[in-house]
Protein chains: 2
Amino acid sequence: MKLSSKGRYAVMAMVDIAKYAEDKPCKLSNIALRQNISLHYLEQIFLKLKKSNLVRSHRGPGGGYKLLGSKKDIKVSDVISAVDESIKTTGCNNSATSFCTGKNVRCLTHDLWEDLEILIEGYLESVSLHDLVVGNKNSFLEERNYEQS
Amino acid sequence: MKLSSKGRYAVMAMVDIAKYAEDKPCKLSNIALRQNISLHYLEQIFLKLKKSNLVRSHRGPGGGYKLLGSKKDIKVSDVISAVDESIKTTGCNNSATSFCTGKNVRCLTHDLWEDLEILIEGYLESVSLHDLVVGNKNSFLEERNYEQS
DNA sequence: TAATACCCGAGTAATACAGTCAACTATTAA
DNA sequence: TTAATAGTTGACTGTATTACTCGGGTATTA
């Protein structure tokens, strides 16, 4: 899982909408102000969020972005997947990389990165926007009641 | 936790030593061949591993690197920490960044990244070089008997 | 003393990241 | 109908990081 600041911005912005404007359209300029993110950068991010059907756009005065679906159904992993192209920790999966090249001693750490990936993804799938708004997102670490894909 | 290919190379190289040359000094050129990593790049990596007291160097003919300590005691997290400077997922911790700037609406996702960090670190702490050599590194996902810092 | 293997600093090409800019189009309220 | 609003789009740019390469040097040992 790639964790860039673009992904963090995206999550912050989505949580911002969930918190301040759940049903009415929310202007990016407001999010930019509240979260201290460049407006133009936000536009790029929301283009991707829209393509992934996480938000719907409404043009013109009074327009803005609305969440598509409930904030309880939108997971952090959805948001990050939408804006960060690559979702792999390991280069092992695609055969073209220098890891796991099929030599006699092939990548000894393949499974390690794969399991780590599963762990991270599982965590981010376990947290919804709603969890972040209300602040009780620790269920995973305490109860760990998620399904491993 | 920063996961670069430098960190992956470091883990691969350390597992290589643990597997092929546990007690006798191991030449970098051999590791480079077996793991398909640039020799000069490996040298840089091992300089850092040495500084972190994970390996000891032996010069001259018949020299090389040896593990400092048992392969059961060296954790993946030790290796990655040694070569990857930054160990933080989130910019929230150091106050100089744009996240968590102390505005009225401070970073809503601070705890999320912090918990993720704890999770990743916990996992990498639970896997030793020995685990990777013998291939049974799944204890974490199944039993999850680690202490959360 | 010569070969070996680590030591070390400088440099560099490629890539990704973060952000900017300029212009455009659709929508709505006056 | 018109002007303001707000999203749409693509290109572009500076910076930082990454992933190396290169060219020597130094300690050790056979």
Side-chain angles (χ1 to χ4, degrees), chain A residues 2-13 17 21 24-33 35-52 54-68 80 83-89 91 96-99, chain B residues 2-13 17 21 24-33 35-52 54-68 80 83-89 91 96-99:
Chain A
K2 199 158 149 198
L3 299 167
S4 63
S5 76
K6 182 185 278 187
R8 284 196 290 270
Y9 284 146
V11 176
M12 286 168 71
I17 296 182
K24 61 184 182 295
C26 181
K27 291 164 54 173
L28 289 191
S29 52
N30 283 346
I31 301 177
L33 276 175
Q35 302 299 331
N36 199 29
I37 307 173
S38 146
L39 173 61
H40 284 291
Y41 203 30
L42 267 186
E43 286 175 345
Q44 290 180 24
I45 290 170
F46 271 80
L47 222 70
K48 294 190 171 187
L49 293 174
K50 189 186 159 197
K51 270 182 193 150
S52 297
L54 293 175
V55 293
R56 164 173 299 189
S57 66
H58 297 267
R59 293 182 160 201
Y65 284 95
K66 274 174 66 177
L67 298 185
L68 247 178
I80 293 183
V83 299
D84 279 330
E85 300 70 22
S86 158
I87 201 155
K88 292 288 151 208
T89 335
T97 63
S98 52
F99 307 106
Chain B
K2 199 160 150 197
L3 299 168
S4 63
S5 77
K6 182 185 277 185
R8 284 195 290 270
Y9 283 145
V11 175
M12 286 167 72
I17 296 182
K24 59 182 184 296
C26 180
K27 293 164 53 174
L28 289 192
S29 53
N30 282 347
I31 302 177
L33 276 176
Q35 302 300 329
N36 198 29
I37 308 173
S38 144
L39 174 59
H40 281 291
Y41 201 32
L42 265 185
E43 285 176 346
Q44 291 179 22
I45 289 169
F46 271 80
L47 222 71
K48 295 191 171 187
L49 294 174
K50 189 185 159 198
K51 269 182 192 150
S52 297
L54 293 176
V55 293
R56 164 172 299 187
S57 66
H58 297 267
R59 292 182 160 201
Y65 285 96
K66 276 174 63 178
L67 296 186
L68 248 178
I80 293 183
V83 299
D84 278 331
E85 302 70 21
S86 158
I87 202 156
K88 291 290 151 204
T89 332
T97 64
S98 54
F99 306 107

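All of these numbers come straight from a predicted model, not from anything done at the bench. Labels below follow one simple rule: chain letters A, B, ... track the order of the sequence lines, proteins then strands, and each chain is numbered from 1.
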message: Between Lys6(B) and dA19(D), is there a contact of a side-chain N or O with OP1 or OP2 at under 4.0 Å?
response: no
message: Return whichever of His40(B) or Leu39(A) has its heavy-atom-nearest nucleotide of DNA chain D closer to the 5' end.
response: Leu39(A)
message: Is it the case that the base of dT25(C) and the side chain of Arg59(A) share a donor-acceptor contact (distance under 3.5 Å, atom types as modelled)?
response: yes
message: Without decimals, in angstroms, what is the distance between Leu49(B) CG and dC7(C) C1'?
response: 15 Å
message: Here's a test of your reading of the structure: between Tyr65(A) and Gln44(A), which maps to the more 5' nucleotide of DNA chain D?
response: Tyr65(A)
message: So, OP1 or OP2 of dC20(D): does either fall under 4.0 Å of a side-chain N or O from Tyr9(B)?
response: yes
- prompt: Taking atom P of dC7(C) as reference, at what distance in whole Å does atom CZ of Arg56(B) sit?
  reply: 12 Å
message: Can you tell me how far apart OH (Tyr65(A)) and CZ (Arg56(A)) are? Round to the nearest 0.5 Å.
response: 13.0 Å
message: If you go through the side-chain atoms of Glu43(B), does one of them form a donor-acceptor pair with the base of dT21(D) closer than 3.5 Å?
response: no
- prompt: Does Ser38(A) put a side-chain nitrogen or oxygen below 4.0 Å from OP1 or OP2 of dA18(C)?
  reply: no
field: Heavy-atom side-chain proximity of Ile17(A) to Phe46(A) below 4.5 angstrom
entry: yes
- prompt: How many Å lie between NE2 on His58(B) and C1' on dA5(C), as a whole number?
  reply: 12 Å
- line: Taken to the nearest whole Å, CG/Leu42(A) to P/dA18(C) is 13 Å
field: Ser57(B) side-chain proximity, nearest of dT4(C), dA19(D), dC7(C)
entry: dC7(C)
Taking every non-hydrogen atom, the tightest pair across Leu28(B) and Leu42(B): O-CD1, 3.7 Å
Rounded distance in Å - NZ (Lys48(A)) to P (dT9(D)): 14 Å
- prompt: Any side-chain heavy atom of Leu39(B) sitting closer than 4.5 Å to one from Glu43(B)?
  reply: yes
- prompt: Does the side chain of Ser5(B) get closer than 4.0 angstrom to OP1 or OP2 of dA19(D) through an N or O atom?
  reply: yes
task: Could you tell me the separation between the CG atom of Asn30(A) and the P atom of dA6(D), rounded to a whole number of Å?
output: 9 Å
Rounded distance (Å) that lies between atom C1' of dC7(C) and atom OH of Tyr41(B): 18 Å
task: State whether Ser29(A) places a side-chain N or O below 4.0 Å from either non-bridging phosphate oxygen (OP1 or OP2) of dA6(D).
output: no
field: From Ser38(A) atom OG to Ile45(A) atom CD1, the distance as rounded to the nearest 0.5 Å
entry: 8.5 Å
- prompt: What is the distance, rounded to the nearest whole Å, between atom CG of Leu47(A) and atom C1' of dC24(C)?
  reply: 14 Å
